[in-house]
Amino acid sequence: MSVCVRIAPSPTGLLHIGNVRTALFNWLFARHEGGEFRLRIENTDTSREVAAAVDQIQDSLRWLGLDWDGPVTFQLDRQGHCVDEARRLVEVGMAYEDEGAIRFRMPDEGSTGWDDVVLGRIDVPNEELEDVVILRSDGRPTYNFASPIEDALDGITHVIRGPDHISNTPKQLCILRALGVDLPVYAHVPNVNGDDGRKLSKRHGAVTVDEFRAEGYLAAALANHLALLGWSYDDRTTVMSREELVERFSLERVGASPATFDYAKLDWLNGVYLRALDREAYARELVGFLRERGLDWDESLVRETVPLVQEKIARLDEYPSFARFLFEEVEPDAVALNGAGAVLEEAERRLATAEPFDAGGVEASLRRLAEELGLSPRKAFAPIRLAVTGSTISPGLFESIELLGRERTLRRLAAAAARAGRPESSA
RNA sequence: GGCGCAUUCGUCUAGAGGCCUAGGACACCGCCCUCUCACGGCGGCGGCACGGGUUCGAAUCCCGUAUGCGCCUCCA
């Protein structure tokens with residue numbers, strides 16, 4: 001039988017990364033099995049906020065590459081069916097009216113259990129199961145009724161969801177049995193927590209897909225990292241492409257204990273992905289990122305900087321501060337420049353005539369300068385870097401100067417020299 | 001409070017009774033490379049929550065304790 005899974009977020013806000021991880025597991029499982037992955041929105045009203053959240057959810061899934069099969073379905077659209085089923089259960093005596101609402105009659109004896117793919121066998125004594133409300137007095141079905149019915153309607157074969165649903169499962173199982181439909185397989189995957197062991201929230205850092213995207217993470221890196229939260233392929237494989245994840249994923253290897261989201265590891269992984277990109281792909285990601293940031297820096301120059309920054313930054317959002325000097329004027333800290341006047345003037349004098357004015361030519365010229373002034377390269381280049389890039393941290397100095405061009409370089413060196421003063425006159 | 005689930009280095013994890021002197025990765029520390037920052041290389045620190053069993057043998061099985069989380073809504 002072909003596999004069919006679903007992700008069923010409620011449109012109450014932006015897609016939380018924990019739900020995204022669960023969505024990813026569903027998607028990986030479906031793709032691995034050659035089955036279907038569906039998107040169902042558990043909406044209970046049709047307000048404008050809901051419509052916006054629905055778009056948001058779809059954008060997030062699409063950006064991550066989690067494509068779904070078939071149309072997006074809405075819980076609200078199938079209320080009628082749920083109501084019919086509730087009435088039917090009342091007619092056959094498996095449910096009863098209680099002050100206007102309808103409750104499902106849970107069995108009193110025996111137990112209800114299932115073989116959870118992740119947790120193993122779980123059995124719950126039926127006496128602990130309350131007669132749950134399946135239809136509210138206003139006629140709307142409740143979650144514990146609508147959700148399993150829709151799963152049945154959609155032909156869901158595997159319900160892969162968060163652990164907060166474990167105690168709902170026996171109730172849903174009883175309802176499904178009363179309805180006489182096929183039972184799905186359940187897999188309750190563990191939570192993703194913040195570093196304090198609690199639910200991941202804003203104060204831990206980015207929590208929605210949008211936020212990760214805005215911080216310059218690559219979709220493939222995020223997906224890779226998320227996949228490793230609660231699942232692993234073996235004892236040594238960390239970096240896996242989307243294709244490899246699909247090929248290797250299995251529910252059997254999903255662990256039972258909750259994971260803590262490790263931002264530092266994501267940064268490292270993102271760097272790995274960023275460095276692996278070819279120049280064109282990197283440029284595309286970078287240009288797209290800057291555009292979303294609202295930075296209208298010259299695209300062709302941005303593209304030229306790729307070789308200078310690719311190995312240096314782990315997140316795209318590090319780019320602006322790292323390469324700003326190529327697009328905007330700089331203001332080196334005068335105190336840090338103090339006493340470097342001689343070096344700066346000499347650098348200006350030599351670079352005025354250095355040929356060719358490319359990274360190699362500039363490097364040869366500046367190294368000679370350092371040697372002749374009796375300075376270590378480190379010492380000699382520090383003030384030059386500061387004068388030219390405005391920072392003590394920058395891409396390679398010589399490549400940066402080449403890109404900046406002779407004219408702007410000389411101007412910055414002169415301006416810095418004027419503010420720097422001579423070593424003996426430093427105050 | 002009741003019920004449920006979980007518990008291996010700081011973090012993600014490997015481990016399905018002997019392969020474990022518990023492996024890998026991130027982080028951290030040190031050294032090397034080096035024009036800064038990164039990258040890369042080498043090395044180091046560091047863990048089976050606790051207590052009882054079972055067994056010739058337990059990180060692995062059982063029981064209990066502790067801790068964390070979840071559910072106990074006419075929320076989803």
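Residue numbers begin at 1 in each chain, while the letters A, B, ... track the order of the sequences. These numbers come from the heavy atoms of this one structure, side chains and all, not from hydrogens, waters or symmetry mates.
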Sorted by position of nearest nucleotide on RNA chain B, 5' first, the leading residue of Ala256(A) and Ser167(A) is Ala256(A)

Go ahead and name the base partner of [N]; Watson-Crick or wobble counts if both distances stay under 3.5 Å, otherwise write none.
N      : value
C39(B) : none
C56(B) : G18(B)
C72(B) : G1(B)

List, with names and distances, any nitrogen or oxygen atoms from the protein found under 3.5 Å away from nitrogen or oxygen atoms belonging to nucleotides 18-20 of chain B.
none

Validation row: [X], [Y] side chains within 4.5 angstrom (heavy atoms):
X         : Y         : value
Met240(A) : Thr237(A) : yes
Arg279(A) : Pro307(A) : yes
His158(A) : Asn26(A)  : no
Val20(A)  : Ser60(A)  : no

Using the ring of each side chain (for Trp, its six-membered ring), is His188(A) parallel, tilted or perpendicular to Tyr186(A), with breaks at 30° and 60°?
parallel

Nearest-Å distance for atom pair CE/P, residues Met240(A) and U13(B)
12 Å

Side chain of [X] - closest among [options]:
X         : options                : value
Glu399(A) : C35(B), A14(B), C74(B) : C35(B)
Ile166(A) : C12(B), A76(B), C5(B)  : C5(B)
Asp262(A) : U11(B), C74(B), C37(B) : U11(B)
Asn144(A) : U11(B), A76(B), A14(B) : A76(B)
Ala264(A) : G4(B), A76(B), C26(B)  : C26(B)

Polar-atom pairs under 3.5 Å, protein N or O versus N or O of nucleotides 63-68 of chain B: list them with distances, or write none.
none

Establish whether the base of [N] is bridged to the side chain of [X] by a donor-acceptor pair shorter than 3.5 Å.
X         : N      : result
Ser137(A) : C74(B) : yes
Lys312(A) : U36(B) : yes
Arg385(A) : C35(B) : yes

